[in-house]
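Every chain is numbered from 1 and lettered A, B, ... according to where its sequence line falls, protein lines coming before strand lines. Both backbone and side-chain heavy atoms feed into the values below; hydrogens, waters and symmetry mates do not. Just so it is clear, the structure is predicted and the values come from calculations on it, not from any experiment.
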Amino acid sequence: MPEGHSLHRLARGLHRTFAGDVVASSSPQGRFDSGAQILTGRVLEEAEAYGKHLFVSFEGGEVVHVHLGLYGTMQKAKSPAPEPRGAVRWRLESPTWYADLRGPTACDLVGPLGREAIVARLGPDPLRADAEPERAKARILGSRATVGTLLMDQAVLSGVGNIYRAELLYRHGVSPFLEGRLLRPAVLDAMWADLVLLMNDGVRRGRIVTLDPGDMDAMAELDADRPAADDPELDGGEDSPQIRRLRRSTGVYVYRRQGRACLRCGVPVAAQDVQGRRLYWCPGCQRLPGQRRPRPKRSTT
DNA sequence: GAGCTATGTAGAC
DNA sequence: TCTACCTAGCTCT
(Lines give C-alpha, C1' and ligand atoms only; values in the text may rest on other atoms or scores of the structure.)
Protein backbone atom coordinates (compact mmCIF):
# COMPACT_ATOMS: atom_id res chain seq x y z
CA MET A 1 0.00 0.00 0.00
CA PRO A 2 2.53 2.49 -1.11
CA GLU A 3 1.86 6.08 -0.14
CA GLY A 4 4.70 7.80 1.71
CA HIS A 5 3.79 6.36 5.11
CA SER A 6 4.25 2.80 3.78
CA LEU A 7 7.72 3.58 2.48
CA HIS A 8 8.82 5.19 5.73
CA ARG A 9 7.50 2.23 7.66
CA LEU A 10 9.28 -0.14 5.29
CA ALA A 11 12.55 1.82 5.51
CA ARG A 12 12.47 1.85 9.31
CA GLY A 13 11.80 -1.89 9.39
CA LEU A 14 14.62 -2.67 6.97
CA HIS A 15 17.02 -0.41 8.84
CA ARG A 16 16.18 -1.99 12.20
CA THR A 17 16.54 -5.48 10.75
CA PHE A 18 19.57 -5.26 8.48
CA ALA A 19 21.66 -2.15 9.29
CA GLY A 20 25.19 -3.13 10.31
CA ASP A 21 24.86 -6.67 8.95
CA VAL A 22 26.79 -8.29 6.12
CA VAL A 23 24.13 -9.34 3.64
CA ALA A 24 23.67 -11.70 0.72
CA SER A 25 21.87 -10.11 -2.23
CA SER A 26 20.30 -11.80 -5.24
CA SER A 27 17.67 -11.37 -7.93
CA PRO A 28 15.79 -14.68 -8.26
CA GLN A 29 13.72 -13.15 -11.07
CA GLY A 30 16.91 -12.08 -12.86
CA ARG A 31 15.96 -8.51 -13.66
CA PHE A 32 18.27 -7.03 -11.01
CA ASP A 33 21.06 -9.60 -11.36
CA SER A 34 23.94 -7.27 -12.14
CA GLY A 35 23.15 -4.88 -9.29
CA ALA A 36 22.22 -7.51 -6.75
CA GLN A 37 25.45 -9.50 -7.19
CA ILE A 38 27.68 -6.50 -6.45
CA LEU A 39 26.12 -6.10 -3.02
CA THR A 40 26.68 -9.60 -1.68
CA GLY A 41 29.17 -9.64 1.19
CA ARG A 42 28.78 -5.93 1.94
CA VAL A 43 27.49 -4.27 5.07
CA LEU A 44 24.06 -2.67 4.70
CA GLU A 45 24.54 0.74 6.24
CA GLU A 46 21.20 2.50 5.99
CA ALA A 47 17.65 2.24 4.68
CA GLU A 48 15.72 5.50 4.39
CA ALA A 49 12.64 6.84 2.61
CA TYR A 50 12.12 10.10 0.80
CA GLY A 51 8.54 10.56 -0.33
CA LYS A 52 7.56 7.30 -2.01
CA HIS A 53 11.19 6.39 -2.76
CA LEU A 54 13.31 3.93 -0.78
CA PHE A 55 17.10 4.16 -0.69
CA VAL A 56 19.24 1.35 0.71
CA SER A 57 22.93 2.23 1.19
CA PHE A 58 25.83 -0.21 1.42
CA GLU A 59 29.47 0.04 2.41
CA GLY A 60 31.56 1.21 -0.50
CA GLY A 61 29.00 3.87 -1.50
CA GLU A 62 26.53 1.68 -3.38
CA VAL A 63 22.90 2.83 -3.15
CA VAL A 64 19.85 0.90 -4.31
CA HIS A 65 16.82 2.96 -5.33
CA VAL A 66 13.43 1.27 -5.03
CA HIS A 67 10.01 2.59 -6.04
CA LEU A 68 7.12 0.24 -5.33
CA GLY A 69 4.77 1.79 -7.86
CA LEU A 70 1.16 0.77 -7.63
CA TYR A 71 1.49 -2.76 -6.35
CA GLY A 72 5.07 -3.46 -5.41
CA THR A 73 5.73 -5.09 -2.04
CA MET A 74 8.76 -5.75 0.11
CA GLN A 75 8.22 -8.25 2.89
CA LYS A 76 10.66 -9.54 5.45
CA ALA A 77 10.62 -12.71 7.50
CA LYS A 78 12.94 -14.82 9.63
CA SER A 79 15.66 -16.84 7.90
CA PRO A 80 16.11 -19.34 6.39
CA ALA A 81 14.57 -17.98 3.22
CA PRO A 82 12.35 -20.44 1.34
CA GLU A 83 12.42 -20.98 -2.43
CA PRO A 84 11.33 -17.67 -4.03
CA ARG A 85 7.57 -17.51 -4.63
CA GLY A 86 6.41 -15.39 -7.58
CA ALA A 87 8.66 -12.89 -9.30
CA VAL A 88 11.17 -11.82 -6.64
CA ARG A 89 13.13 -8.90 -8.08
CA TRP A 90 15.52 -8.53 -5.14
CA ARG A 91 16.23 -10.75 -2.15
CA LEU A 92 18.29 -9.53 0.80
CA GLU A 93 19.49 -12.04 3.41
CA SER A 94 21.26 -11.67 6.72
CA PRO A 95 22.00 -14.57 9.08
CA THR A 96 18.66 -14.01 10.83
CA TRP A 97 16.30 -12.28 8.36
CA TYR A 98 15.49 -12.09 4.68
CA ALA A 99 13.42 -9.64 2.63
CA ASP A 100 11.81 -10.14 -0.79
CA LEU A 101 10.96 -7.30 -3.18
CA ARG A 102 8.21 -8.01 -5.73
CA GLY A 103 6.61 -5.97 -8.51
CA PRO A 104 8.42 -2.65 -8.08
CA THR A 105 8.36 0.06 -10.73
CA ALA A 106 12.04 0.76 -10.04
CA CYS A 107 14.90 -1.20 -8.47
CA ASP A 108 18.29 0.11 -9.58
CA LEU A 109 21.80 0.68 -8.39
CA VAL A 110 22.11 4.48 -8.47
CA GLY A 111 25.00 5.51 -6.19
CA PRO A 112 25.05 8.64 -4.03
CA LEU A 113 24.84 10.98 -7.02
CA GLY A 114 21.84 9.13 -8.38
CA ARG A 115 20.17 9.39 -5.01
CA GLU A 116 20.83 13.13 -4.93
CA ALA A 117 19.42 13.58 -8.41
CA ILE A 118 16.20 11.76 -7.47
CA VAL A 119 15.78 13.67 -4.21
CA ALA A 120 16.42 16.96 -6.04
CA ARG A 121 13.31 16.32 -8.14
CA LEU A 122 11.11 15.88 -5.05
CA GLY A 123 9.19 18.40 -3.00
CA PRO A 124 9.37 18.38 0.81
CA ASP A 125 8.25 15.17 2.52
CA PRO A 126 5.98 15.75 5.54
CA LEU A 127 7.44 12.65 7.19
CA ARG A 128 11.02 13.92 7.19
CA ALA A 129 12.46 16.05 9.96
CA ASP A 130 14.49 18.00 7.37
CA ALA A 131 11.41 18.94 5.29
CA GLU A 132 11.11 22.58 4.24
CA PRO A 133 7.34 23.14 4.01
CA GLU A 134 7.76 26.73 2.80
CA ARG A 135 9.06 25.36 -0.51
CA ALA A 136 5.83 23.43 -1.09
CA LYS A 137 3.63 26.26 0.13
CA ALA A 138 5.27 28.76 -2.22
CA ARG A 139 4.77 26.41 -5.19
CA ILE A 140 1.10 25.87 -4.34
CA LEU A 141 0.22 29.50 -3.61
CA GLY A 142 1.88 30.62 -6.84
CA SER A 143 0.20 28.10 -9.12
CA ARG A 144 -2.84 28.21 -11.39
CA ALA A 145 -3.04 24.41 -11.22
CA THR A 146 -5.75 22.98 -8.96
CA VAL A 147 -4.88 21.93 -5.42
CA GLY A 148 -6.09 18.41 -6.28
CA THR A 149 -3.39 18.19 -8.93
CA LEU A 150 -0.71 20.00 -6.91
CA LEU A 151 -1.03 17.71 -3.88
CA MET A 152 -0.33 14.67 -6.08
CA ASP A 153 2.63 16.30 -7.81
CA GLN A 154 5.71 14.75 -6.19
CA ALA A 155 7.80 17.73 -7.27
CA VAL A 156 5.59 19.95 -5.10
CA LEU A 157 5.09 17.64 -2.12
CA SER A 158 6.46 14.13 -1.83
CA GLY A 159 4.78 11.14 -0.27
CA VAL A 160 1.17 12.22 -0.73
CA GLY A 161 -0.93 9.83 -2.80
CA ASN A 162 -4.55 9.52 -3.81
CA ILE A 163 -5.88 8.70 -0.33
CA TYR A 164 -4.11 11.43 1.59
CA ARG A 165 -5.02 13.91 -1.15
CA ALA A 166 -8.73 13.15 -0.95
CA GLU A 167 -8.83 13.01 2.83
CA LEU A 168 -6.73 16.11 3.48
CA LEU A 169 -8.85 18.25 1.17
CA TYR A 170 -12.02 16.93 2.79
CA ARG A 171 -10.76 17.55 6.32
CA HIS A 172 -10.09 21.20 5.44
CA GLY A 173 -13.22 21.77 3.36
CA VAL A 174 -11.19 22.62 0.26
CA SER A 175 -12.47 21.86 -3.24
CA PRO A 176 -9.95 19.83 -5.24
CA PHE A 177 -10.79 22.12 -8.16
CA LEU A 178 -9.64 25.31 -6.40
CA GLU A 179 -6.57 26.90 -7.98
CA GLY A 180 -3.52 26.83 -5.72
CA ARG A 181 -3.09 30.60 -5.92
CA LEU A 182 -6.61 31.07 -4.52
CA LEU A 183 -6.00 28.94 -1.42
CA ARG A 184 -5.78 30.96 1.82
CA PRO A 185 -2.24 30.71 3.28
CA ALA A 186 -3.64 30.03 6.76
CA VAL A 187 -5.61 27.06 5.37
CA LEU A 188 -2.49 25.74 3.65
CA ASP A 189 -0.52 26.07 6.92
CA ALA A 190 -3.20 24.04 8.69
CA MET A 191 -3.19 21.45 5.89
CA TRP A 192 0.57 20.90 6.15
CA ALA A 193 0.41 20.55 9.95
CA ASP A 194 -2.47 18.09 9.60
CA LEU A 195 -0.60 16.11 6.95
CA VAL A 196 2.40 15.72 9.25
CA LEU A 197 0.14 14.31 11.98
CA LEU A 198 -1.91 12.08 9.66
CA MET A 199 1.08 10.60 7.86
CA ASN A 200 3.00 9.96 11.08
CA ASP A 201 -0.09 8.23 12.40
CA GLY A 202 -0.12 6.19 9.16
CA VAL A 203 3.49 5.11 9.74
CA ARG A 204 2.65 4.05 13.30
CA ARG A 205 -0.48 2.11 12.35
CA GLY A 206 0.69 0.77 9.00
CA ARG A 207 -2.66 1.96 7.70
CA ILE A 208 -4.26 5.26 6.72
CA VAL A 209 -6.87 6.44 9.21
CA THR A 210 -8.09 10.01 8.78
CA LEU A 211 -11.29 9.88 10.81
CA ASP A 212 -11.20 11.99 13.95
CA PRO A 213 -11.84 9.82 17.03
CA GLY A 214 -15.10 11.70 17.60
CA ASP A 215 -16.38 10.62 14.16
CA MET A 216 -15.74 6.89 14.63
CA ASP A 217 -19.18 6.10 16.06
CA ALA A 218 -21.10 8.11 13.48
CA MET A 219 -19.13 6.53 10.62
CA ALA A 220 -19.69 3.05 12.03
CA GLU A 221 -23.41 3.78 12.03
CA LEU A 222 -23.26 5.01 8.41
CA ASP A 223 -21.39 1.82 7.51
CA ALA A 224 -23.63 -0.56 9.42
CA ASP A 225 -24.49 -2.26 6.10
CA ARG A 226 -20.86 -2.99 5.29
CA PRO A 227 -19.25 -6.29 6.20
CA ALA A 228 -16.58 -6.03 8.91
CA ALA A 229 -13.15 -6.09 7.28
CA ASP A 230 -10.43 -8.46 8.39
CA ASP A 231 -7.67 -6.27 9.65
CA PRO A 232 -4.55 -8.09 10.83
CA GLU A 233 -3.49 -4.96 12.69
CA LEU A 234 -6.55 -5.31 14.87
CA ASP A 235 -6.42 -9.03 15.40
CA GLY A 236 -5.23 -10.60 18.58
CA GLY A 237 -6.14 -7.60 20.69
CA GLU A 238 -9.06 -7.17 22.96
CA ASP A 239 -12.32 -6.72 21.08
CA SER A 240 -13.10 -3.36 22.63
CA PRO A 241 -15.92 -1.18 21.24
CA GLN A 242 -13.31 1.05 19.62
CA ILE A 243 -11.62 -1.91 17.93
CA ARG A 244 -15.00 -3.15 16.67
CA ARG A 245 -15.81 0.29 15.27
CA LEU A 246 -12.44 0.51 13.51
CA ARG A 247 -12.76 -2.98 12.11
CA ARG A 248 -16.07 -2.07 10.50
CA SER A 249 -14.99 1.35 9.29
CA THR A 250 -12.83 2.13 6.28
CA GLY A 251 -11.18 4.77 8.47
CA VAL A 252 -11.62 7.52 5.89
CA TYR A 253 -14.18 10.21 5.04
CA VAL A 254 -14.38 10.16 1.24
CA TYR A 255 -11.81 7.90 -0.43
CA ARG A 256 -13.64 5.18 -2.41
CA ARG A 257 -16.92 6.18 -0.80
CA GLN A 258 -18.57 7.57 -3.94
CA GLY A 259 -22.36 7.54 -3.75
CA ARG A 260 -22.38 7.16 0.04
CA ALA A 261 -23.66 10.04 2.14
CA CYS A 262 -21.06 12.45 3.51
CA LEU A 263 -20.76 12.07 7.27
CA ARG A 264 -20.99 15.83 7.84
CA CYS A 265 -23.54 17.13 5.31
CA GLY A 266 -25.29 14.07 3.85
CA VAL A 267 -24.51 14.94 0.22
CA PRO A 268 -23.33 11.87 -1.74
CA VAL A 269 -19.56 11.66 -2.11
CA ALA A 270 -18.51 12.27 -5.73
CA ALA A 271 -15.80 10.65 -7.84
CA GLN A 272 -14.27 11.67 -11.13
CA ASP A 273 -11.22 10.71 -13.17
CA VAL A 274 -8.72 13.56 -13.22
CA GLN A 275 -5.43 13.09 -15.06
CA GLY A 276 -5.78 9.32 -14.97
CA ARG A 277 -6.44 9.07 -11.24
CA ARG A 278 -9.74 8.75 -9.40
CA LEU A 279 -10.55 11.86 -7.39
CA TYR A 280 -13.03 11.68 -4.47
CA TRP A 281 -14.63 14.64 -2.74
CA CYS A 282 -17.81 15.85 -1.05
CA PRO A 283 -19.60 18.39 -3.27
CA GLY A 284 -21.37 19.73 -0.17
CA CYS A 285 -18.42 20.33 2.14
CA GLN A 286 -15.82 21.11 -0.51
CA ARG A 287 -17.38 23.82 -2.66
CA LEU A 288 -15.64 26.41 -4.79
CA PRO A 289 -16.31 30.03 -3.76
CA GLY A 290 -19.84 30.95 -4.89
CA GLN A 291 -20.87 27.36 -5.62
CA ARG A 292 -24.34 26.35 -4.37
CA ARG A 293 -24.79 23.56 -1.85
CA PRO A 294 -26.16 20.37 -3.47
CA ARG A 295 -29.02 18.39 -1.96
CA PRO A 296 -28.24 15.94 0.84
CA LYS A 297 -28.82 12.26 0.17
CA ARG A 298 -32.32 11.24 1.26
CA SER A 299 -32.24 8.89 4.23
CA THR A 300 -33.53 5.39 3.43
CA THR A 301 -34.46 4.58 7.05
C1' DG B 1 -11.74 -19.64 -7.88
C1' DA B 2 -12.31 -15.97 -11.34
C1' DG B 3 -12.36 -11.35 -12.30
C1' DC B 4 -11.78 -6.65 -11.15
C1' DT B 5 -9.48 -2.81 -9.16
C1' DA B 6 -5.84 -0.06 -7.02
C1' DT B 7 -2.55 3.89 -2.39
C1' DG B 8 2.22 5.08 -9.01
C1' DT B 9 5.76 5.94 -12.00
C1' DA B 10 8.95 5.23 -15.97
C1' DG B 11 9.62 4.62 -20.53
C1' DA B 12 8.13 3.84 -25.33
C1' DC B 13 5.81 5.88 -28.99
C1' DT C 1 -1.09 8.96 -24.31
C1' DC C 2 -0.49 4.20 -23.69
C1' DT C 3 1.63 0.26 -21.55
C1' DA C 4 4.41 -2.35 -18.31
C1' DC C 5 5.01 -3.66 -13.80
C1' DC C 6 2.64 -8.86 -12.56
C1' DT C 7 0.77 -7.98 -6.28
C1' DA C 8 -3.06 -8.45 -3.30
C1' DG C 9 -7.49 -7.30 -1.45
C1' DC C 10 -12.12 -7.31 -2.53
C1' DT C 11 -16.51 -8.83 -4.86
C1' DC C 12 -19.09 -11.98 -7.34
C1' DT C 13 -20.39 -16.54 -8.64
(request) Could you measure between the two P atoms, the one in dC13(B) and the one in dC5(C), and give it in whole Å? (result)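 These two P atoms come out 14 Å apart once rounded.
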
(message) Heavy atoms only, 4.0 Å cut-off, all strands: where does Q29(A) land among base, sugar-phosphate and nothing?
(response) sugar-phosphate

(request) For G69(A), report the nucleic acid contact type (base, sugar-phosphate, nothing); a contact means any heavy atom under 4.0 Å. (result) base

(message) Could you check whether any side-chain N or O of D153(A) sits under 3.5 Å from a backbone N or O of A155(A), counting only pairs where one atom can act as donor and the other as acceptor?
(response)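 Indeed, once roles are kept as given, a pair shorter than 3.5 Å links the two residues.
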
Whole-Å gap separating [atom2] ([N]) and [atom1] ([X]):
| X | N | atom1 | atom2 | value |
| --- | --- | --- | --- | --- |
| L70(A) | dA10(B) | CG | C1' | 13 Å |
| M74(A) | dA8(C) | CE | P | 13 Å |
| L68(A) | dA6(B) | CG | C1' | 14 Å |
| R89(A) | dC6(C) | CZ | P | 5 Å |
| Q275(A) | dT1(C) | CD | P | 9 Å |

(request) Flag yes if more than 12 heavy atoms outside R264(A) fall under 6.0 Å of its CZ atom; otherwise flag no. (result) yes

(request) Assess the side chains of H5(A) and D201(A): does a donor N or O sit below 3.5 Å from an acceptor N or O? (result)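 Side-chain D/A pair, H5(A) to D201(A): absent.
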
(request) Look at R165(A) and dG8(B) and indicate whether a side-chain polar atom (N or O) is within less than 4.0 Å of OP1 or OP2. (result) no

